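Scroll down for the structure; my scribbles are underneath it.
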Amino acid sequence: MRRTAWATLAMSLSFLLGMIIAAGALASLGGKLDTASPTAAPLSLPAVLVTCLDPPAILLEIAAIVLIVIDSKKVGNPHRRLAWVAAIFFVIWGALNLGVFLPLSLVGSQRGSLELVRTGQMVKAGAALLQYAIPFLLVYGLSRKAPRVLLWSALALTTVGNFGVVALPLGSMGLEAIGAGGQEVYVPRFRVDYTSGPYPALLGMGYVGCALYMIAYGRLAAGLFRAGRPGCSD
């Protein structure tokens with residue numbers, strides 16, 4: 001189970017990078033997002049964080065999924081079945097983002113269609129629900145007692161908190177015309193105050209959920225490295 005042990009560490013690092021991106025972007029914006037403001041420029045801190053840290057976070061997640069799926073044959077069901085479901089969820093998530101969200105956003109931006117752009121954003125938000133479940137499914141079959149409580153809590157908090165933060169602004173989203181390459185295109189315009197309304201609670205839920213995932217994975221990794229068998233972290 002060494003591959004699974006290293007995979008749990010890789011996923012934990014992916015969580016950490018995700019938290020750095022989210023917290024760094026929020027802090028740099030002062031808790032308020034306006035995509036037309038100077039902070040939304042290509043070289044703003046949020047853009048730099050996403051550009052530099054998001055690809056390695058995704059690669060670490062892919063590595064974790066592959067390693068756990070490969071190692072799952074040593075454990076059998078239900079862990080093997082759940083690990084494969086997690087892998088399938090990741091493929092569907094990627095397909096929805098690349099095959100639905102991006103084309104709808106591109107066509108909507110070219111045509112100035114708010115409905116197409118908003119539909120694309122809704123697809124992206126819906127696909128994110130699959131992402132929230134992947135770390136739960138990957139190791140639930142290996143965990144017992146306390147780690148399972150952590151996993152269930154992490155799943156609930158990240159799903160409600162992160163989905164709420166992503167989905168709520170869609171109702172007030174607009175389009176703004178800009179000049180690009182001699183042509184006029186339309187880009188989504190968001191104005192969100194994350195310091196008011198339900199956002200502080202939702203953000204807190206998302207951060208706590210991510211932290212719980214990291215704790216659960218850390219316990220499991222420690223147990224696997226120490227004893228070389230699943231469930232030993234208990």
Side-chain angles (χ1 to χ4, degrees), residues 11 14-37 39-40 44-51 53-55 57-58 61 86 89-106 108-109 113-137 153-176 186-214:
M11 185 64 84
S14 179
F15 291 141
L16 179 60
L17 292 177
M19 289 189 70
I20 292 173
I21 293 172
L26 185 65
S28 70
L29 294 170
K32 297 180 180 180
L33 172 66
D34 185 344
T35 55
S37 70
T39 57
S44 65
L45 180 58
V48 172
L49 287 173
V50 171
T51 301
L53 299 184
D54 199 43
I58 293 176
E61 182 178 8
F89 274 15
F90 185 86
V91 172
I92 295 174
W93 169 79
L96 288 174
N97 276 278
L98 296 176
V100 182
F101 162 66
L102 286 180
L104 285 176
S105 298
L106 179 61
S109 296
S113 172
L114 179 59
E115 291 184 1
L116 285 178
V117 174
R118 181 173 287 153
T119 300
Q121 293 287 340
M122 291 174 63
V123 169
K124 182 179 181 180
L129 293 173
L130 301 177
Q131 267 282 11
Y132 307 148
I134 288 173
F136 174 88
L137 295 168
S153 301
L155 175 64
L157 289 171
T158 54
T159 299
V160 175
N162 292 343
F163 182 76
V165 170
V166 173
L168 282 180
L170 297 182
S172 59
M173 183 184 71
L175 290 180
E176 181 178 357
Y186 298 82
V187 296
R189 175 80 183 269
F190 292 95
R191 290 190 183 94
V192 186
D193 184 357
Y194 292 113
T195 64
S196 64
Y199 289 108
L202 291 172
L203 286 168
M205 292 171 68
Y207 288 135
V208 172
C210 186
L212 291 179
Y213 264 139
M214 292 179 67

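Note that the coordinates shown come from a computational prediction; the quantities given were computed from them, not determined experimentally.
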Fill in: Residue pair Tyr194 / Val165, side-chain heavy-atom distance below 4.5 Å
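Of all side-chain heavy-atom pairs linking Val165 with Tyr194, at least one is under 4.5 Å.
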Worksheet entry | Heavy-atom side-chain proximity of Tyr199 to Pro169 below 4.5 angstrom |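 Tyr199 reaches Pro169 side chain to side chain.
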If every non-hydrogen atom of [X] is compared with every non-hydrogen atom of [Y], which pair is closest and at what distance?
{"X": "Cys210", "Y": "Met19", "result": "SG-CG, 3.2 Å"}
{"X": "Ala154", "Y": "Leu212", "result": "CB-CB, 3.8 Å"}
{"X": "Val100", "Y": "Pro103", "result": "O-CD, 3.4 Å"}
{"X": "Ala57", "Y": "Ser14", "result": "O-OG, 2.9 Å"}

Considering residues at least two apart in sequence or located in another chain, which fulfil the side-chain contact (heavy atoms from CB on, under 4.5 Å) criterion with [X]?
{"X": "Ala128", "result": "Tyr132"}
{"X": "Pro55", "result": "none"}
{"X": "Leu116", "result": "Leu104, Val107, Arg111, Ser113"}
{"X": "Ile58", "result": "Asp54, Ile62, Phe90, Trp93"}

At what distance, to the nearest 0.5 angstrom, does [atom1] of [X] lie from [atom2] of [Y]?
{"X": "Leu155", "Y": "Leu137", "atom1": "CG", "atom2": "CG", "value": "8.0 Å"}
{"X": "Phe163", "Y": "Leu168", "atom1": "CZ", "atom2": "CG", "value": "8.5 Å"}
{"X": "Leu202", "Y": "Leu157", "atom1": "CG", "atom2": "CG", "value": "11.0 Å"}
{"X": "Leu53", "Y": "Leu17", "atom1": "CG", "atom2": "CG", "value": "5.5 Å"}

Worksheet, complete the sentence: By side-chain hydrogen bond (donor to acceptor under 3.5 Å, both in side chains), Ser172 pairs with (sequence neighbours left out) none
Worksheet entry | Side-chain donor/acceptor of Thr159 to backbone N/O of Ala156, under 3.5 Å | no
Discussion item. Test your reading of the model: is there a side-chain donor-acceptor pair from Ser105 to the backbone of Val117, 3.5 Å cut-off?
Written reply: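 Checked: no pair found.
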Would you be so kind as to tabulate the donor-acceptor pairs closer than 3.5 Å made by side chains of residues 118-125, with sequence neighbours excluded?
unit_1 : atom_1 : unit_2 : atom_2 : d
Arg118 : NE     : Leu170 : O      : 3.0
Arg118 : NH2    : Met173 : O      : 3.0
Thr119 : OG1    : Glu115 : O      : 2.7

Practice prompt. Report the C-alpha distance between Phe15 and Thr158 in whole Å, list the side-chain angles of each, state the deciding distance to 0.1 Å, and finish with yes or no for side chain to side chain contact (heavy atoms under 4.5 Å, CB included).
Written response: CA-CA 12 Å; Phe15 291 141; Thr158 54; over 6 Å; no
